[in-house]
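Below: one structure, written as structure tokens.
Because the structure is predicted, anything quoted here is derived from the model rather than measured. For the numbers below, each heavy atom of this structure counts, side chains included, while hydrogens, waters and symmetry mates do not. Numbers restart at 1 for each chain; the letters A, B, ... are given by sequence-line order, proteins then strands.
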Number of protein chains: 2
Amino acid sequence: MSAATPSNHPPLLAEAPAGADTRTRIRHAAARLFARRGYAGTGLKQVATDAAAPFGSIYHFFPGGKDALAEDMIRTTGPQFMALVLGLLEERADPVEAVVHAFDSAAEELVADSYADGCPVATMALDVADTNEPLRRAAADVFAEWLDGGTAWFSRHVARDRARDLALAMIMLTEGAFLLGRTTRDPGPLRAAGRTMGTLVQSALDATPRGPRSR
Amino acid sequence: MSAATPSNHPPLLAEAPAGADTRTRIRHAAARLFARRGYAGTGLKQVATDAAAPFGSIYHFFPGGKDALAEDMIRTTGPQFMALVLGLLEERADPVEAVVHAFDSAAEELVADSYADGCPVATMALDVADTNEPLRRAAADVFAEWLDGGTAWFSRHVARDRARDLALAMIMLTEGAFLLGRTTRDPGPLRAAGRTMGTLVQSALDATPRGPRSR
DNA sequence: GCCTGGCTAGAACGATCTATCAAGAGTGGC
DNA sequence: GCCACTCTTGATAGATCGTTCTAGCCAGGC
């Protein structure tokens, strides 16, 4: 949708900017901790500490407490993450090169931050899928948005039903690759996922005989 | 490796058999809770309750406490899960049909247990990747075993380097599909992952000109 | 009959968790 | 200069966490 300049992206889940107000400092700190340690593994006290904010301020800005903070985090970083990926895809004209490039960039970033940050939603999604219905729905909504966004992107090159499967495969490979990469401390899975996506896109293109689009 | 009969498999993460001793009851209860709620989200008191075991027995059988219980769970259910998948793959002779069938079976099972149980390792792996080094290593070891096992299976049909990428893709798609399936309460992702794996295996077969094996 | 060991059973401890509360600090309107 | 309001603070409550500990139960060997 929005421009997605071919420049390098700002690090998602970074610390809050220097002079940021308390609310955004809390948001950033919570996003990092939730993404790395999950819902149950993150303590609000540590959020306050990391944010250099008074403990009570969490409840001032997020009266719903931990749940509200977590839902805000899911619904905020989810679209940001999609925008980041779509931006990476935009950096190459050829769709096969684009997906390979996107995964390679993700691999570089994973190494750069010492395998700490993967997908900001996955850890929490698995954590709460069975225990916290509102958060499960929030994560489900995010995944649905990703699927729509990905389908739209691939639809520029292949038929819509094929595009949907490609988008689904891209999301699943991304999540699986981050899981393996973070656990084994190895960027290899992300690069392999890129190769795999390249193969899939090429297959879909080959099966789309009449020109690039078939809308 | 082992036989892998084409019969239906016993449910992984099931309750302990009726007359099971306390140790195995604790193991089963812990496996279920850890898989569904993650490491931080699982309380030992609830493990004892679910296992119908006295609380102190947990420390009697697992002197290492929560960590020992979790590591035992990872290293036990990990290989079981691989055996289950390899067994499903064995139920179809054609490799393309085999992968599609395996994912379709997984989809059925996910629906059957109300989207509660996915991969027994993934939830914990993401939970502890940044906070608990021994458990992270245990999960990493399990993933490495899966990769070896999967590579061996695909090597029966394609060249070894191609087989490795296929195995990697299969693991990543499985994990991603379970994540999406559990979060959105929809078996669709698992079936889509099956279709995608079918495409990938077919591609690899097409690129392996001289007969099935190329050892 | 007694003793030894594995196992049961749950109380108790200190730490940590989420959430609430009351009071203080700072700021802009009038 | 005073009020109204937003935000800051940290103490506190009540619950739950992982872990330890002590005591009792019960079967098998001698």
Side-chain angles (χ1 to χ4, degrees), chain A residues 16-74 123-124 127-128 130-135 138, chain B residues 16-34 36-74 123-124 127-128 130-136 138:
Chain A
D21 60 358
T22 307
R23 184 193 200 97
T24 67
R25 288 206 314 277
I26 290 173
R27 261 148 104 113
H28 283 238
R32 282 229 313 213
L33 287 170
F34 279 137
R36 295 182 180 183
R37 310 229 232 266
Y39 181 76
T42 298
L44 290 186
K45 229 150 211 162
Q46 190 150 20
V47 172
T49 302
D50 285 23
F55 183 81
S57 292
I58 293 180
Y59 283 87
H60 175 73
F61 291 110
F62 299 91
K66 196 181 189 182
D67 281 15
L69 196 51
E71 181 162 348
D72 176 89
M73 180 271 195
I74 291 174
T123 306
M124 295 214 18
D127 231 30
V128 301
D130 251 38
T131 55
N132 193 317
E133 184 63 12
L135 293 185
Chain B
D21 59 359
T22 307
R23 185 195 199 97
T24 66
R25 288 206 315 277
I26 290 174
R27 259 146 99 116
H28 283 238
R32 282 229 313 212
L33 287 169
F34 279 139
R36 296 182 179 184
R37 309 231 235 263
Y39 180 77
T42 298
L44 253 33
K45 234 148 211 167
Q46 190 151 21
V47 171
T49 302
D50 285 24
F55 184 81
S57 292
I58 294 180
Y59 283 87
H60 175 74
F61 291 110
F62 299 91
K66 196 180 187 181
D67 281 16
L69 197 50
E71 181 162 351
D72 176 89
M73 180 271 196
I74 292 174
T123 306
M124 294 214 20
D127 230 32
V128 302
D130 251 38
T131 54
N132 193 317
E133 184 64 11
L135 293 185
R136 197 217 101 229

Would you name the heavy atoms of B/Val128 and B/Arg136 that are closest together and state the gap between them?
-> CG2-N, 4.0 Å

Nucleotide range of DNA chain D contacted by chain B, 5' to 3', under 4.0 Å to a heavy atom?
-> D/dG18 to D/dT20

Answer with base, sugar-phosphate or nothing: what part of the nucleic acid does B/Tyr59 contact at a heavy-atom distance below 4.0 Å?
-> base

Short side-chain to backbone donor-acceptor contact, B/Asp127 and B/Ala40, under 3.5 Å = yes

Hey, are the side chains of B/Tyr59 and B/Leu44 touching, using non-hydrogen atoms and a 4.5 Å cut-off?
-> yes

In whole angstroms, the gap separating P of C/dA19 from NZ of A/Lys66 amounts to 8 Å

Quick check: does any side chain N or O of B/Thr42 sit under 3.5 Å from a backbone N or O of B/Leu33, one acting as donor and the other as acceptor?
-> yes

Shortest non-hydrogen contact from B/Thr22 toward B/Ala53 = CG2-CB, 3.6 Å

Closest listed nucleotide, where the reference is the side chain of A/Phe55 and the choices are C/dA9, C/dC7, C/dT18 = C/dT18

Contacts to DNA chain C from residues 33-46 of chain A, heavy-atom cutoff under 4.0 Å, which residues?
-> A/Thr42, A/Gly43, A/Leu44, A/Lys45

With sequence neighbours left out, which residue pairs that include part of residues 36-56 of chain B fulfil the salt bridge (charged side-chain N to carboxylate O under 4.0 Å, His left out) condition?
-> B/Arg36-B/Asp117

Can you check the B/Arg23 CZ to C/dT8 P distance for me, whole Å?
-> 11 Å

5′-ward residue of the pair B/Asp67/A/Ala53 relative to DNA chain D = A/Ala53

Under 3.5 Å, side chain of B/Asp67 to main-chain N/O of B/Ala70, donor-acceptor pair present?
-> no

So what does B/Gly65 touch, heavy atoms closer than 4.0 Å: a base, only the sugar-phosphate, or nothing?
-> sugar-phosphate

Do you know the tightest heavy-atom contact between B/Leu135 and B/Tyr39?
-> CD1-CE1, 3.6 Å

With a 4.5 Å limit on heavy-atom distance, are the side chains of B/Glu71 and B/Ile74 in contact?
-> no

Specify the separation, in whole Å, of atom CG of A/Leu69 and atom P of C/dA19.
-> 10 Å

Is the distance from OP1 or OP2 of C/dC7 to the nearest side-chain N or O of B/Ser57 less than 4.0 Å?
-> no

Reckon B/Thr22 has a side-chain N or O less than 4.0 Å from the OP1 or OP2 of C/dT8?
-> yes

